[in-house]
Each structure stands twice: as structure tokens, then as C-alpha cells.
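One structure below.
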Amino acid sequence: MSELLSAAAPAIQWYPGHIAKAERALTDNLAKVDLVIEVRDARIPTATGHPRLQRWIQGKQHLLVLNRRDMIPTAAREAWDAWFRAQGQTPWWSDAKAGTGVKQLQQAAIRAGDALNERRRSRGMKPRPVRALMLGFPNVGKSALINRLVRQKVVDSARRAGVTRSLRWVRLGQDLDLLDAPGVLPPRLDDQLAALRLALCDDIGQAAYDGEAVAMAFVRMLAELEAVPAAGVSAGLLERRYGLPVPALEGVTPDAHGWLEAAAGRHTSGDLARMAQRLLDDYRRGMLGPLALELP
């Protein structure tokens, strides 16, 4: 994908103190954990994969959950499902908000626990509740998933990054204890296209990016994704929603700034920042329909 953020846009970086602290606490607790349940955002499965994950799950069972399955088209889900299976990984698809896929995930975790306890028995050790860690980037839906698994609100959740700030154990039936960890990010976001996708999906804090620059990059990204059928971006998507076609610079490149200015003139009394926020909020709430920002 071509350069979407302009050279003038500030780099997207976010590593607040509570994340650095959480990562240290996470490292201290890893020895106590048998199973890692990794949650990613289905709209951006590779951008929400942590580079240190393999080090963290060494020698442990691993379940991969792709949450927000409702926010991508079926074709994208099928493409990712095939891709992960080709890598030898079974993805578990969920929509924590509606509860879809949660029961299947719980059964997979219990099966993993049974296998671990079978190994303990074969070594002459007593079975015990399996200790699982739920891990993922900020705002991928871990807390909502835990509340669904426990069938009550035991942890705070909200559609913004950085709500969970400390590690805590949650009892999940007799056979499973779950450690809820705050969202963890790499200390540096070297891949700025991945960082842009995190910003668009609200998986990093708003202090990390310039809203207008990200909204304009989104307009350019949608134009490029129109050519990829599985992404679900139909031609004229923004025109249908906001009543304005995206103009082109020199007949080719989408004029994102021109479109944002015109849309602000029509919808937010000329306030570019408010229009940028409206566009991002509409995408995040699913008002533009199911769209995949990444495909394998």
C-alpha cells in the first residue's frame, strides 16, 4: 500500500507509563501461567500481533482469538481463517459485544486445560485449575470477552484504549483461572502503516496521533481498498454516507484534504477537526459497514 500519511504528518507513537509497568508485571507473572489466550482485532490481525509474543508463549499452550468478527466482511474472515490455518494456527472468531464465539472459545480453553492436567497426572502430579493469561493490544476487546466468559461484569471495559491498568485474576469456573492483563504495545511503532491502522481502529490512545492526518490517510486507504473485493469497500462509499464524492488530484490520487474540507463545510460548519473525528467515529461504530483494513 502506498504512503498514506503525508510526510508532514507527525509519526504515530504511544507507550504510556502504565503500559511499560504492565509489561514488567506481565513478565513477572508469565511463569505462573499455563495457557496464553491472545486477542487480536479482526479488522487488523497482523497490526495487533505483538512482536514479543513468541518469547512470552514459549512452552505454553496458545489460543488465538480474532475479536470484532462482525466488523469485517465474510470474505475477509474466510481469507484470514485459511491464512492462519496454513501457518498451523487455529483462529477462534468472536464478537465479545454480542457474545458470538465465546462458548467455543471457553470450550477450547477447557480442552487445553484438560490436556495440561492429563500431563500432570502422567507425571504423578495432582490436577489443578488451569491458569490462563488473556493478552493483547489495548482496546481489542479483552475485558468485554472476559465479562462474557464469566457471564457477569467483573472487569471494566470501554471502547477506548487504556481502561485496564493493572493485572488481576478472575475465576472462570472450577477449572480455569484467568489473568486479565492491560493492553501491551511494542515500545516503538516502527511500522507506520500498522500504527495508522491501530489509530483508525482506536487500538492506541488519541494522544498518539493527529486526528486530521489520520482521517485523510483513511480516505486514501479506502480508495486503495476499493480494488480489493474482500475488503468490503464499495465504490462511492463516502459519497453515499456524506453526500460528497472524493475528488482526484491530477485525475488519479484521491484529494483527501479537499474532500475533508468540503465535508466539514457541509457537516461541521467548516470545522476540520470535528469532521475528521466524525469520520473516524463512524468507521469505529460500524456506520460505514463491515470493512477489513488488512488482508493476508
Side-chain angles (χ1 to χ4, degrees), residues 1-7 9-16 19 38-53 64-73 75-77 79-80 83-84 91 93 95 135-142 159-162 183-233 237-238 254 256 260 276-277 279-296:
M1 215 175 246
S2 63
E3 200 59 46
L4 292 163
L5 278 165
S6 74
I12 296 172
Q13 291 296 342
W14 193 61
Y15 195 64
I19 285 186
E38 181 201 5
V39 186
R40 299 194 196 183
D41 190 322
R43 296 167 293 179
I44 48 170
T46 54
T48 44
H50 201 292
R52 290 188 193 163
L53 180 80
L64 170 66
V65 184
L66 292 162
N67 190 37
R68 305 215 171 99
R69 57 174 277 175
D70 56 308
M71 298 192 79
I72 63 168
R77 191 167 83 234
W80 276 117
W83 186 84
F84 278 112
W93 296 89
D95 169 9
L135 184 70
F137 274 53
N139 200 33
V140 292
K142 299 182 302 298
R159 279 230 166 164
R160 66 176 193 277
V184 285
L185 276 172
R188 273 190 58 77
L189 298 171
D190 293 319
D191 181 346
Q192 282 293 292
L193 178 55
L196 169 63
R197 288 171 172 147
L198 292 171
L200 287 168
C201 293
D202 214 13
D203 293 341
I204 54 175
Q206 282 191 305
Y209 57 88
D210 176 314
E212 288 174 43
V214 164
M216 287 188 276
F218 184 46
V219 172
R220 295 183 201 107
M221 184 184 282
L222 290 177
E224 293 197 3
L225 288 172
E226 270 185 29
V228 187
V233 182
L237 174 67
L238 294 180
L260 192 65
Q277 192 59 52
L279 174 62
L280 297 177
D281 287 344
D282 281 356
Y283 166 63
R284 292 162 181 169
R285 291 180 187 136
M287 311 298 271
L288 302 181
L291 306 175
L293 299 191
E294 262 187 358
L295 286 155

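Source: prediction; values computed, not measured.
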Where the side chain of [X] meets the backbone of [Y], is there a donor-acceptor pair that is under 3.5 Å apart?
X	Y	answer
N67	R40	no
Q13	L189	yes
Q192	I12	yes
E294	T46	yes

Side-chain heavy-atom pair [X], [Y] within 4.5 angstrom cut-off:
X	Y	result
R69	P91	no
M221	R197	yes
L200	R284	no
P138	L185	yes
E38	L53	yes
P296	F84	no
N139	I204	no
D281	D202	no

Taking ring pair (Phe, Tyr, Trp, His ring centres under 6.0 Å) as the cut-off, I'd like each qualifying pair that reaches into residues 187-219, sequence neighbours left out, listed once.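 Checked against ring pair (Phe, Tyr, Trp, His ring centres under 6.0 Å) - neighbours excluded - the pairs reaching residues 187-219 are F218-Y283.
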Yes or no on side-chain contact (heavy atoms from CB on, under 4.5 Å) for V233 and V228, after CA distance, side-chain angles and deciding distance?
CA-CA 8 Å; V233 182; V228 187; over 6 Å; no
Working to the nearest 0.5 angstrom, can you tell me the gap between L225 CG and L237 CG?
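Separation between the atoms: 10.5 Å.
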Item to complete: Supply the atom-to-atom distance L66 CG to I44 CD1, rounded to the nearest 0.5 angstrom.
Response: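 Rounded to the nearest 0.5 Å, the CG-CD1 separation comes to 11.0 Å.
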Might you point out which heavy atoms bring [X] and [Y] nearest each other, and give the distance in Å?
X	Y	answer
K142	L135	CD-C, 3.6 Å
P254	A223	CG-CB, 3.6 Å
D203	R43	OD1-NH2, 4.5 Å
F137	G49	CE1-C, 3.8 Å
L293	C201	CD1-SG, 4.0 Å
L222	L238	CD1-CD2, 3.8 Å

Is the shortest distance from a Lys or Arg side-chain nitrogen in R68 or D41 to a carboxylate oxygen in the other one below 4.0 Å?
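Judged by the 4.0 Å cut-off on N to carboxylate O distance, R68 and D41 do form a salt bridge.
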Distance-only side-chain donor-acceptor flag, E212 / Q277, under 3.5 Å
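Side-chain D/A pair, E212 to Q277: absent.
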